[in-house]
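Pasting a structure here, questions to come.
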Amino acid sequence: MQIEGAILDIDYLLDKERGLIRVTFKGGDGKAYELFDGGFWPYFYLLPNAEMDADELMRLLSGVDASAKEVKAVKKRVGGVESTLYKVVVSSPLEVPKLSSRATRYGMCYEYDIPFAKRYAIDNDIVPLSSYVAEVEERDGRLFIKSMKRSNGNAVNFNILWFDIEVYNPLGVPRAGKDPVIMISYSYKSGGRSGASVLTYKSIAKDFVHSVKNEKELFSEFISKVKELDIDIISGYNTANFDIKYMLERAQLLGISFNLSRFEGDTKLEKHGLVERVKIAGRVHVDMYNVVKFISIVGATENILRFNNKTLKSVYEAISGNKKTTVEKTDIFKLWDGGRKELEELAEYNLSDSLALQKVYDTFSPITIELARETGDVLSDVAVSTTGQLVDYLLMRHAAMAGEIVPNKPDDNEMRKRERNPIEGAYVKTPEPGIYDNLVVFDFRGLYPSIIISYNIDPATVCKDCADYYESPLGVKFNKERGGIMPRILKEFARKRISIKQQYKKNPDDVYLGARSQALKILSNSFYGYLGYARSRWYSRDCAGSVTAYGRQYIKDAMAAAEQNGFGVLYGDTDSTILLLGNKDKDAALAFLKGFNSKLPENMELELEDFYRRGVFVGKKMEGGGGAKKKYALISESGRIKIKGFELVRRDWSKIARDTQRRVLEIILQEGNAEKAAAVVKSVIKELREGKVKLSELAISTQLRKGIGNYDVKSPELAAAKKAVERGQKRRDEVEHAVISYVVTKRGSSISDKAELEEFADSYDADYYINHQVIPATMRILKELNFDEDELKGLGTQKKL
DNA sequence: AAATGACGGGG
DNA sequence: GTGTACGTCATTT
């Protein structure tokens, strides 16, 4: 039997002690198929220390917990050197770590940590989300793959569901042990159909609301919908860390199963460092929060998204230009307990989150999908990957195709060594702080990728004695005669981008063309970071250091040329420079650009980023030699605001600190008036000194994330909670794992001693709020404008800007 | 100076 | 899960 369609996901089952590859295949007929490949086995390589034959190694490796299924000699290049290795094949992926650690006695092991499903995709050159024809046969009630070939079939339409839950939260933070899920909204596209609905168990007179009996039914109805709509991709916002996690906990408490899977397997959470992820057998979970955080900070939305918090609301507003209705999160339980109007408001809010999410998905998923197609990684992994991990995977694929052994990840010692020796970063010219009019910004297009291509920079091309080479400003030689994976991939990407741009001109409505170009840009720009990333398999100090060294040379040249042409050079960082037009006009700036570019190598180009009406410049003083921070705010002629490097304080700061910081930033951006901003800070400090500020403005909210007895260090929030429990003002369970709102009072010596729960505080420590809250929050911005603390506190005189 | 713990997103 | 995971900041020890 033949099926035409696309691969949605690849994983494996442990089937009778062996790993069995499973492919979730979406047919062009709209049906999803669970396909297996019984002919693929896990393996790793061993480069032996001493001569031994394959049979001997097989015998040496056999043990009670794991044994080799097969050992055979293969020829591969290890670090560019032709070598004979043993390929040790096993039955189960679980045997690989066991056998490879045993095998280290006999030599160096390689490729022992490549996940089985990825190994399968790499070795079979399978690219998910592209068209394939699968030849399959049925055995034991399962469909087995006989062959799988690329085809030119039509794009497959996936069935997608976007969802969001609401939770009853009388104490602020919902507690899965107590607080029920009260509503689930979803919208979907499935087959030719689309729709949106809210599920809940109170009766609400809205046509999009569907009522069920209780929370258990809410869950089962949601699961039924996912199954009935035959969903391929389930998307949410922070759903891995919240919605799905919460539903799994609730389901366990309610004694029901919560499994959204399509095929054999669970719905479960996995934690990978910072990122939590959801696995649903046969479907893909795409958490748009992770996508926004890791990948999609590109293009026109870059500044807006960097500047704002990455809440669903702010991301939606940034990309749509529309305002999103919202409710205070802490009011949700009140709306649920309220009357008809309140319930309707809650349902509408719940629905609006799913619809906003759909918009975010439509904006960013094309880039994610193109990243999957370009790297060959599955969507479920791309959606939770950093760009470094994508480059890692891309290089593994290319290395395997070229018969090159994939270098191992560094061990802890090596990693620490790398971290201790940072690579000299980019050139930064710190600007004279101030406010300037009429600016122009020039950027080198893809400076680092261009450098890697132009000078053939790659760990494998570094040479000591070679005849024909490029010598970087660091004195590192790169062999011109040898090819490297990185320049080769980057060249190919550059070529693809040019061809995509031509197609895009003819089909400007094809979002996937634009997305593909963006994806290639994201990947290209990540190679340099990967070369210098401590966990990198292809780490190279020589390469990364040479890239930045060349980069410094180029940007300095551009700045010097601009100065010679009579422009004021205000600022330069890495690959961009900001010039003062002075008495010159735009045409003069463009003429300079043209002249400068005519002298650059072929694939290098300095581009116009934009002209700006005004810029507020803040000079970040460089600490140490490392990468300096970019800090400035620009207003374009069209009113577009571009902000770099300002960090806002987080939620565990007092309201007065956050509000004052926001006001300072607004005044500086909108009015360009630093004096006025400083005056606001001074007046807030004055009010604090005079004791006029309400305690609610001063409360600091921090969650106690552990049990009260499990702390080693007495933090202010812990101290405040403990005191309240000891005095009998609070029960232990009321403060444990809860968000603690405390005020720093006058009584006590350390901050912890002074901390009291907001409701029991009767004074505040003005010095603390001035020196530890308002001043640090606002000085993040104002110190860059050469204000100092004493001056804000009214103790000194103002420095000149 | 080193260790500890929280945030981020979500409700 | 072919495991061992982010970067930064404030406060305590």
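Lettering of chains follows the sequences in order, A, B, ..., and the numbering in each one begins at 1. Source: prediction; values computed, not measured.
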Next item on the list: Would you indicate what A/Leu94 reaches in the nucleic acid, counting non-hydrogen atoms under 4.0 angstrom: base, sugar-phosphate, or nothing?
Entry: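 Base, at least one base atom sits under 4.0 Å.
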
Checklist line | Within 45° cone and under 6.0 Å: A/Lys87 NZ/CZ vs A/Tyr43 ring | finding: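 Because its charged atom sits under 6.0 Å from the ring centre and within 45° of the axis, A/Lys87 does stack over A/Tyr43.
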
Item checked: is_close_aromatic(A/Trp41, A/Tyr12), centroid dist under 6.0 Å ->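 When the ring centroids of A/Trp41 and A/Tyr12 are compared, they turn out to be at least 6.0 Å apart.
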
Item checked: Nucleotide of C/dT12, B/dG9, C/dA5 approaching A/Ile751 most closely (side-chain heavy atoms) ->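 My answer, after comparing the listed nucleotides, is C/dT12.
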
Next item on the list: Could you check how far CZ of A/Arg705 sits from C1' of C/dA10, rounded to whole Å?
Entry: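 After rounding, the gap between these two atoms is 15 Å.
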
Notebook entry, point to check: Hey, is the side chain of A/Ser715 poking within less than 4.0 Å of OP1 or OP2 on B/dA6, counting only N and O atoms?
Noted result: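 Indeed not, no polar side-chain atom of A/Ser715 lies that close.
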
Notebook entry, point to check: Of all the nucleotides listed (C/dT13, B/dG10, C/dA5), which has the minimum atom distance to the side chain of A/Lys329?
Noted result: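 Side chain of A/Lys329 sits closest to B/dG10.
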
Margin query: What is the distance, to the nearest angstrom, from the CD atom on A/Glu717 to the P atom on B/dC7?
Written below: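 These atoms are roughly 8 Å apart.
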
Checklist line | Nearest-Å distance once atom P is located in both C/dC9 and B/dG9 | finding: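 So the two P atoms sit 15 Å from each other.
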
Next item on the list: Would you mind classifying the nucleic acid contact of A/Thr330 as base, sugar-phosphate or nothing, using non-hydrogen atoms under 4.0 angstrom?
Entry: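 Here A/Thr330 touches no strand at all.
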
Next item on the list: Please state how far atom CZ in A/Arg277 lies from atom C1' in C/dC6, giving the value in whole angstrom units.
Entry: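 Between C1' of C/dC6 and CZ of A/Arg277: 16 Å.
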
Note to self: Applying side-chain hydrogen bond (donor to acceptor under 3.5 Å, both in side chains), can you list everything that pairs with A/Lys722, at least two apart in sequence or on another chain?
What the structure shows: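 side-chain hydrogen bond (donor to acceptor under 3.5 Å, both in side chains) list for A/Lys722, sorted by chain: empty.
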
Margin query: Check A/Asp11 with A/Lys279, please: is the shortest side-chain N to carboxylate O separation under 4.0 Å?
Written below: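 Result for this pair is no, no salt bridge flagged.
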
Item checked: Basic-acidic side-chain contact under 4.0 Å: A/Lys723, A/Asp753 ->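 The answer is no: the pair does not qualify as a salt bridge.
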
Notebook entry, point to check: To the side chain of A/Lys706, which of B/dG5, B/dC7, C/dG3 is closest?
Noted result: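 My answer, after comparing the listed nucleotides, is B/dG5.
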
Item checked: Any A/Arg651 side-chain N or O less than 4.0 Å from OP1/OP2 of B/dG9 ->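 No, A/Arg651 has no side-chain N/O under 4.0 Å of OP1/OP2 on B/dG9.
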
Next item on the list: Go through the N and O atoms of the side chain of A/Arg650 and the base of C/dG7, and report whether any donor-acceptor pair is under 3.5 Å.
Entry: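 Such a pair does not exist between side chain and base.
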
Check: For A/Asp353, which contact category applies under a 4.0 Å heavy-atom criterion: base, sugar-phosphate, or nothing?
Finding: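 Sugar-phosphate: the residue A/Asp353, judged by heavy atoms under 4.0 Å, touches backbone atoms but no base.
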
Note to self: Within the 4.0 Å heavy-atom criterion, would you say A/Tyr768 contacts the bases, only the backbone, or no part of the nucleic acid?
What the structure shows: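 Contact class for A/Tyr768: sugar-phosphate only.
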
Check: Between C/dC6 and A/His272, is there an OP1 or OP2 to side-chain N/O distance shorter than 4.0 Å?
Finding: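 Answer is no, no contact under 4.0 Å.
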
Notebook entry, point to check: Looking for any heavy atom pair under 4.0 Å, which part of the strands does A/Pro97 touch: base, sugar-phosphate only, or nothing?
Noted result: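 Result for A/Pro97 = sugar-phosphate.
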
Checklist line | Value in whole Å for how far the C1' atom of C/dT4 lies from CG of A/Asn413 | finding: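 Atom CG in A/Asn413 sits about 15 Å away from atom C1' in C/dT4.
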
Note to self: Which nucleotide wins on minimum distance to the side chain of A/Tyr289, given the candidates B/dG10, B/dG8, C/dT12?
What the structure shows: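 Out of B/dG10, B/dG8, C/dT12, the nucleotide with an atom closest to A/Tyr289's side chain is B/dG8.
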
Note to self: Output the rounded distance in Å from CE (A/Met779) to P (C/dA10).
What the structure shows: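 Roughly 13 Å, once rounded to whole Å.
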
Note to self: Distance check needed: C/dC6 P versus A/Glu276 CD, whole Å only.
What the structure shows: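 Checked: the CD to P distance equals 14 Å.
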
Note to self: Tell me the interatomic distance from A/Asn238, atom CG, to B/dG10, atom P, rounded to whole angstroms.
What the structure shows: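 From A/Asn238 CG to B/dG10 P: 6 Å.
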
Next item on the list: Check every strand shown and say whether A/Glu270 touches a base, only sugar-phosphate, or nothing at a heavy-atom separation below 4.0 Å.
Entry: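 Contact class for A/Glu270: sugar-phosphate only.
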
Next item on the list: Please work out if A/Trp41 contacts a base, only the sugar-phosphate, or nothing of the nucleic acid, heavy-atom cut-off 4.0 Å.
Entry: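 The residue A/Trp41 makes no contact with any strand.
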
Notebook entry, point to check: Hey, does A/Asp243 reach any base, or is it just sugar-phosphate, or nothing, if we go heavy atoms under 4.0 Å?
Noted result: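 No contact at all - A/Asp243 keeps every heavy atom at 4.0 Å or more from the nucleic acid.
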
Checklist line | Geometric class of the A/Phe222/A/Phe163 ring pair [parallel <30°, tilted 30-60°, perpendicular >60°] | finding: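 A/Phe163 and A/Phe222: tilted rings.
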
Check: How would you label the contact of A/Tyr110 with the nucleic acid (heavy atoms, under 4.0 Å): base, sugar-phosphate, or nothing?
Finding: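 Nothing, no heavy atom under 4.0 Å.
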
Margin query: Rounding to an integer number of Å, can you tell me how far A/Asn290 CG sits from B/dG10 P?
Written below: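 Going from CG in A/Asn290 over to P in B/dG10 covers 12 Å.
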
Next item on the list: Describe the nucleic acid contact of A/Val96 in one word from base, sugar-phosphate, nothing, applying a heavy-atom distance below 4.0 Å.
Entry: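 The answer is base, as A/Val96 lies within the cut-off (heavy atoms under 4.0 Å) of a base atom.
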
Note to self: Please pick, from B/dG10, B/dC7, B/dG5, the nucleotide with the shortest atom-to-atom distance to any side-chain atom of A/Tyr711.
What the structure shows: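 Among B/dG10, B/dC7, B/dG5, the one nearest the side chain of A/Tyr711 is B/dG5.
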
Check: To the side chain of A/Tyr237, which of B/dC7, B/dG10, C/dG3 is closest?
Finding: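 Nearest to the side chain of A/Tyr237 among the choices is B/dG10.
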
Next item on the list: Assign A/Asp287 to base, sugar-phosphate, or nothing according to its heavy-atom contacts below 4.0 angstrom with the strands shown.
Entry: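 The answer is nothing, as A/Asp287 stays clear of every strand by at least 4.0 Å.
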
Next item on the list: Just jot down the side chain to side chain contact (heavy atoms under 4.5 Å, CB included) partners of A/Ala657, sequence neighbours excluded, or say none.
Entry: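 Listed in chain order: A/Trp653, A/Ser654, A/Gln773, A/Ala777.
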
Check: Could one point to a donor on the side chain of A/Asn241 or the base of B/dG9 with an acceptor on the other under 3.5 Å away?
Finding: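 Answer yes: a donor N or O sits under 3.5 Å from an acceptor.
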
Check: Can we say A/Arg277 and A/Asp381 salt-bridge, meaning some charged N sits less than 4.0 Å from an Asp/Glu carboxylate O?
Finding: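 Answer for the salt bridge query: yes.
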
Check: Base, sugar-phosphate, or nothing: which does A/Phe44 touch, judged by heavy atoms less than 4.0 Å apart?
Finding: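 No contact.
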
Check: With a 4.0 Å cut-off on heavy atoms, is A/Asp113 in touch with a base, just the backbone sugar-phosphate, or nothing at all?
Finding: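 Base, at least one base atom sits under 4.0 Å.
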
Note to self: Suppose you measure atom P in C/dA5 against the same atom in B/dG8; what distance do you get, rounded to whole Å?
What the structure shows: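 About 24 Å, rounded to a whole number of Å.
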
Next item on the list: For A/Arg535, report the nucleic acid contact type (base, sugar-phosphate, nothing); a contact means any heavy atom under 4.0 Å.
Entry: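 The residue A/Arg535 makes sugar-phosphate contact but no base contact.
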
